[in-house]
Amino acid sequence: MEPVDRVCLHGPIDLRNVQQATSKLMDALRGRPEELEVDLLDVTDVDQDGAIAFLLAAHRARGQGTRLLLVNGSAQVNRELRDAGWQDTARFRGGGADAG
């Protein structure tokens with residue numbers, strides 16, 4: 001089995017830094033890993049603008065056959081991403097009680 005690639009994001013993900021978050025996710029996908037974990041342990045908030053980074057990454061991952069997982073997200077962050085449509089694009093693993 002291929003080693004798991006991992007990218008960590010920090011702080012709020014919103015309009016002010018969505019471009020940086022998107023770049024970080026796309027850079028991690030560039031190597032076409034079999035699986036990419038996005039560690040949300042230090043993410044404090046994701047608004048609708050910030051969710052775009054995750055949705056774009058999910059679209060690219062699906063297109064290239066990479067399994068994209070969000071890990072260690074708080075219940076609040078997982079809920080914010082679900083509200084933005086994440087449940088239809090990839091999976092959560094671990095993290096808050098709402099990670100399901």
Side-chain angles (χ1 to χ4, degrees):
M1 183 178 195
E2 298 273 326
V4 174
D5 285 38
R6 183 180 202 85
V7 63
C8 299
L9 298 175
H10 307 279
I13 310 295
D14 56 26
L15 184 60
R16 293 172 294 172
N17 63 4
V18 69
Q19 288 182 328
Q20 292 90 344
T22 300
S23 291
K24 192 167 188 176
L25 292 169
M26 294 302 173
D27 287 347
L29 287 166
R30 187 169 290 126
R32 296 180 170 270
E34 182 178 315
E35 180 174 286
L36 177 64
E37 289 184 352
V38 180
D39 192 331
L40 303 176
L41 183 63
D42 294 328
V43 173
T44 56
D45 184 50
V46 178
D47 70 8
Q48 292 293 316
D49 295 313
I52 291 168
F54 298 96
L55 298 173
L56 289 171
H59 178 74
R60 179 169 177 181
R62 188 180 320 114
Q64 69 185 36
T66 296
R67 210 169 109 200
L68 189 63
L69 299 171
L70 300 184
V71 299
N72 300 322
S74 69
Q76 174 187 335
V77 167
N78 290 348
R79 196 169 28 259
E80 290 165 347
L81 286 166
R82 279 196 178 103
D83 289 349
W86 182 261
Q87 70 273 16
D88 295 329
T89 56
R91 294 192 309 134
F92 290 103
R93 183 170 74 199
D98 197 29

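Quick note: numbers below take in every heavy atom, side chains included, and nothing from hydrogens, waters or symmetry partners. Predicted model only: the values in this text are computed from it and were never measured.
To the nearest 0.5 angstrom, L41 atom CG is 11.5 Å from L9 atom CG. To the nearest 0.5 Å, atom NE2 of residue H59 and atom CD of residue Q64 are 10.5 Å apart. Rounding to the nearest 0.5 Å places CG of L15 at 12.5 Å from CD of Q48. The CD atom of E35 sits 10.0 Å away from atom CZ of R6, with the distance rounded to the nearest 0.5 Å.
With sequence neighbours excluded, the residues that form a side-chain contact (heavy atoms from CB on, under 4.5 Å) with Q20 are N17. In this view, D47 and D14, D49 satisfy the side-chain contact (heavy atoms from CB on, under 4.5 Å) rule, not counting sequence neighbours. Every side-chain contact (heavy atoms from CB on, under 4.5 Å) that L56 has, sequence neighbours left out, goes to T22, M26, I52.
The minimum heavy-atom distance between A84 and A51, with the atom names listed, is CB-CB, 3.4 Å. V43 and V77 make their closest contact through O-CG2, 3.5 Å (heavy atoms, listed as atom of the first residue, atom of the second, distance). Residues C8 and K24 come closest through the heavy atom pair O-NZ, 2.7 Å. Nearest heavy-atom pair across A21 and I13 is CB-CG2, 4.0 Å. The heavy-atom pair separating A61 from L68 by the smallest distance is CB-CB, 4.0 Å.
Among V71, V46, L81, the single residue meeting the side chain to side chain contact (heavy atoms under 4.5 Å, CB included) criterion with L40 is L81. Tested against V7, the residues D39, L36, L29 include a single side chain to side chain contact (heavy atoms under 4.5 Å, CB included) partner, L36.
No hydrogens or angles considered: nothing links the side chains of S74 and Q76 as a donor-acceptor pair under 3.5 Å.
Surrounding CD of Q19 are at most 12 heavy atoms belonging to other residues, nucleotides or ligands under 6.0 Å away.
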